[in-house]
Amino acid sequence: MNRQKARGEKINPDFALGFKPEGSGLASFSQSHKTRNEELGRKTKSFSKKLLVLGFSFAFFALHLTFIYSPQETSPLIAGRGFICFAQQSDELEITIDINSTTIPLPKIFKPNIDLSGKGFYKDTSWPQTLASSEILNLWQKDIGFNGFYRLQYNLWEINQLTKNKDAQKKLLDNYDEILKNISASGGTVILDIFGTPAGLGKVLDKRSAPLNLKAFKGLIKDIIRDLSCIKKYNIWYEIWSAPDQDSFFLGAKQEYLNLYRAIAEAVIELEAETKIEIPLGGPGISWWFQNIGGNTIITAEKSLIYDLIKFCYQRHLPLDFITWHGFSTSGETEKEKTVYDKFGSGLIRTWLAYFRFNENTPLIVSEWNFDSGANILSARKEKSYICASFIPARIKNMSESGIDNQIYFCLQDFQNAKEDIVRNVGIFYSESNASPVKKDFSNPLNKNSAKAAYNIFKMLANLGNEMFTVKLDDQFIGTLATKEKDTLTLIFYNYIDPDTATSYLSRNVTGINNTERKTLLDIVNSDSLRKLLSGQIKSNSLRITDKVRNMLDKALELSRKAELYSLNTRNIKLNIKNLAGDYLYQRYTVDSSCSLNCEFLPDEEKEITGDNLYQEVLSLKPYSVRMIVLKKKPIAQPSVSSEQPESP
């Protein structure tokens with residue numbers, strides 16, 4: 001990982017690289033309170049609370065006021081040489097691909113990475129209670145394999161609860177161990193999320209409690225890491241806690257989380273000194289990159305727990321090998337939120353890292369994300385799961401372009417927790433119970449076919465080649481991934497329309513206006529004027545607002561109308577592939593509204609084509625659809641050799 005420890009020079013952390021902009025008037029902007037919706041349980045971030053994350057107090061704007069977009073900031077993915085995709089924002093786009101153009105290695109972020117959580121309750125206490133069923137794990141391993149990044153929840157509380165039943169505890173640890181071994185043997189990496197304070201070590205008898213006995217807690221974690229990383233040598237990155245800014249997951253103050261991190265970091269330092277084995281450590285896994293314990297907004301991003309953790313590790317010479325946070329939304333451009341420092345969130349975090357003498361290329365990972373518009377159960381994640389499916393490549397592409405290094409989709413299987421009466425359809429697999437309304441029973445194994453449309457997207461990602469073409473496509477809704485490997489060309493096209501395009505646009509630009517303008521904008525939403533603008537009942541020139549706010553509203557209205565149009569109509573892409581020589585087997589796969597559940601991953605068209613320098617076709621894309629084209633070069637037939645020998649003269 002090429003860890004770069006922070007050096008010991010003293011610096012002024014409070015004024016790092018102009019983190020307190022003059023004249024911004026941001027100090028008076030109200031901080032948010034907790035946004036976690038207890039009812040949603042462990043991993044569904046409530047968009048009905050999103051407004052509070054930003055410090056606002058009305059519900060309609062709550063869907064998206066965290067995402068900022070800037071067309072000026074790009075990543076290396078679109079900076080190098082390669083083919084260019086030419087397109088206008090119209091019903092038909094045109095894309096030209098030169099297979100002889102320069103490529104870059106496929107970034108790891110495009111791997112089919114996933115959190116292995118799911119189900120939520122098992123009668124068998126020796127199986128991790130928040131881990132997907134063994135049937136689903138085996139199916140994933142068979143279809144896709146374990147060579148990417150996988151997140152595993154390691155529940156210390158759950159393990160400790162079986163102390164009096166040593167056989168069950170050993171089976172539980174063996175089940176964890178088997179998964180870690182399989183992933184490591186496959187060349188994959190596990191992000192092991194350490195959470196759940198064991199009984200007796202916390203300030204209160206609660207798995208969410210901050211540890212009181214840090215010495216005992218450190219010893220426990222040290223033994224675990226020694227076994228997994230030093231003795232068994234599994235490929236593990238240790239993530240310290242999950243959503244510590246939420247009372248649902250951590251009961252403690254900011255300093256208590258930092259002290260918890262320090263205890264584990266010191267254990268890692270000691271083990272590395274003993275064994276000379278590098279043990280990656282990171283966090284804090286907060287619910288949004290700018291959040292902190294006690295609340296914060298994107299307006300005051302420098303108050304993020306990420307900033308505090310970087311500063312804390314610098315001051316105490318602690319390792320910080322990667323940084324994680326969560327991001328649940330419907331916007332494919334979530335990571336392109338712009339801050340008051342004229343940077344994306346990822347760019348600002350890298351500035352903090354560099355200032356505090358850490359490697360600015362420290363991996364930044366969105367360790368939980370999914371399609372989320374505020375409801376616990378969404379049709380877009382099941383009955384209409386083709387919507388979530390088309391969201392996945394759009395979000396990953398934008399993550400990469402914004403400078404994020406890796407991502408882990410949450411999660412493998414839906415939660416159906418009979419114990420807590422929680423059902424959450426966040427997985428790419430669903431499970432049905434034949435239980436009656438009176439007596440629920442979620443212990444039955446899954447049906448043989450229980451995959452949602454999103455599962456086929458992960459199969460598409462697994463088919464990508466190891467070299468990626470540079471892509472530039474100027475369209476709000478349609479995007480492309482293009483790769484090659486040996487004699488295979490793989491192209492993925494997606495058409496995703498954010499169902500809340502207008503509010504997403506406003507939220508991406510909320511940091512670009514001053515406090516007075518921001519209050520005016522909020523008043524417009526509170527007074528129902530935004531709804532009236534979007535429905536055409538009023539015009540923006542009838543409102544007493546500044547030109548900047550008026551321009552924002554007009555742009556939001558324009559995008560909303562375009563999204564409404566494109567959500568109802570198929571769009572065409574004229575595809576040109578240059579320098580295609582030889583004979584190819586052509587296969588096309590489709591995910592769209594024709595299938596949401598139990599969709600077979602089979603080509604809907606197969607044919608043989610002969611490349612004559614230029615191949616062309618018009619590809620149609622329905623709203624909320626994904627298409628993959630695979631071109632495999634056919635081997636050149638070798639001339640037959642006669643076995644008969646010529647007669648002697």
Side-chain angles (χ1 to χ4, degrees), residues 1 45 66-80 104-115 148-151 189 191 193 237 239 242 280 282-291 298 301 304-307 309-310 320-339 341-354 358-372 391-410 457-458 461 464 468 470-471 479 481 494 496 504 508:
M1 180 172 285
K45 275 58 177 179
T66 54
F67 317 129
I68 316 302
Y69 169 68
S70 168
Q72 287 82 25
E73 188 162 342
T74 60
S75 77
L77 183 61
I78 59 173
I104 63 171
L106 180 71
K108 293 179 180 179
I109 197 169
F110 292 101
K111 291 279 189 179
N113 307 324
I114 200 163
D115 186 297
F149 262 67
Y150 294 90
R151 189 164 178 259
T189 300
I191 290 188
D193 179 37
W237 295 14
E239 180 187 33
S242 180
I286 49 178
S287 58
W288 290 96
W289 71 269
F290 53 80
Q291 263 292 8
I298 195 172
S304 165
L305 183 59
I306 289 177
Y307 176 87
L309 181 60
I310 294 171
L320 182 59
D321 300 305
F322 61 97
I323 293 173
T324 61
W325 66 89
H326 306 166
F328 290 72
S329 72
T330 65
S331 172
E333 296 178 292
T334 301
E335 281 67 41
K336 288 183 175 178
E337 55 200 359
K338 202 70 173 290
T339 67
Y341 306 106
D342 199 33
K343 294 174 180 287
F344 292 156
S346 58
L348 187 58
I349 293 171
R350 296 197 190 282
T351 300
W352 297 340
L353 286 164
F358 284 100
N359 187 345
E360 65 179 341
N361 294 317
T362 295
L364 305 182
I365 304 170
V366 183
S367 60
E368 287 187 21
W369 64 280
N370 201 320
F371 180 95
D372 194 318
F391 165 76
I392 291 171
R395 181 76 180 273
I396 295 176
K397 179 76 177 297
N398 279 294
M399 283 184 190
S400 181
E401 291 178 353
S402 70
I404 305 299
D405 295 291
N406 223 320
Q407 53 77 27
I408 301 176
Y409 184 85
F410 189 88
I457 301 300
F458 285 89
L461 294 175
L464 290 174
M468 174 172 272
T470 306
V471 177
L481 304 177
Y494 58 84
Y496 172 73
S504 292
R508 289 198 300 269

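Sequential numbering from 1 along the given sequence is applied to the chain's residues.
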Out of curiosity, [X] [atom1] to [Y] [atom2], how far, rounded to the nearest 0.5 Å?
X	Y	atom1	atom2	answer
Thr470	Ile104	OG1	CD1	5.5 Å
Glu239	Asp321	CD	CG	13.0 Å
Ser400	Met468	OG	CE	7.0 Å
Ile323	Asp405	CD1	CG	10.0 Å
Ile392	Asn370	CD1	CG	7.0 Å
Asn113	Lys108	CG	NZ	10.0 Å

Side chains of [X] and [Y]: closer than 4.5 Å at any heavy-atom pair?
X	Y	result
Ile310	Leu353	yes
Ile306	Ile286	yes
Ile457	Pro393	yes

On a heavy-atom basis, which atom in [X] and which in [Y] lie closest, and how many Å separate them?
X	Y	value
Ser504	Ser331	OG-CB, 3.9 Å
Ala301	Leu348	CB-CD2, 3.8 Å
Ser329	Trp288	CB-CH2, 4.4 Å
Leu305	Pro284	CD2-CB, 3.8 Å
Trp352	Ser304	CH2-CB, 4.1 Å
Phe110	Leu481	CE2-CD2, 3.5 Å

Verify side-chain contact (heavy atoms from CB on, under 4.5 Å) between Thr339 and Phe344, making sure each step is shown before the conclusion. CA-CA 6 Å; Thr339 67; Phe344 292 156; over 6 Å; no
Could you walk me through whether Arg350 and Leu364 pass the side-chain contact (heavy atoms from CB on, under 4.5 Å) test, one step at a time? CA-CA 9 Å; Arg350 296 197 190 282; Leu364 305 182; 3.6 Å; yes
Can you check whether [Y]'s main-chain N or O pairs, donor with acceptor, with [X]'s side chain at less than 3.5 Å?
X	Y	result
Thr351	Gly347	yes
Arg151	Ile191	no
Ser367	Gly285	no

For Glu401 and Glu335, what are the C-alpha separation, side-chain angles and deciding distance, and is it a side-chain contact (heavy atoms from CB on, under 4.5 Å)? CA-CA 9 Å; Glu401 291 178 353; Glu335 281 67 41; over 6 Å; no
Tell me every residue that passes side-chain contact (heavy atoms from CB on, under 4.5 Å) with Pro112, counting only those two or more places apart in sequence or in another chain. Trp140, Ile144, Phe458, Leu461, Ala462
Stepwise, does the side-chain contact (heavy atoms from CB on, under 4.5 Å) test hold for Ile109 with Ile396? CA-CA 7 Å; Ile109 197 169; Ile396 295 176; 4.2 Å; yes
Identified ring pair (Phe, Tyr, Trp, His ring centres under 6.0 Å) counterpart of Trp369 within the set Tyr409, Phe410, Trp325: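 Of all the options given, the one that passes is Tyr409.
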For Phe149, all residues meeting ring-ring contact (aromatic ring centres under 6.0 Å, His included), sequence neighbours excluded: Trp237
For Phe371, what residues pass the ring-ring contact (aromatic ring centres under 6.0 Å, His included) criterion, not counting sequence neighbours? Phe391
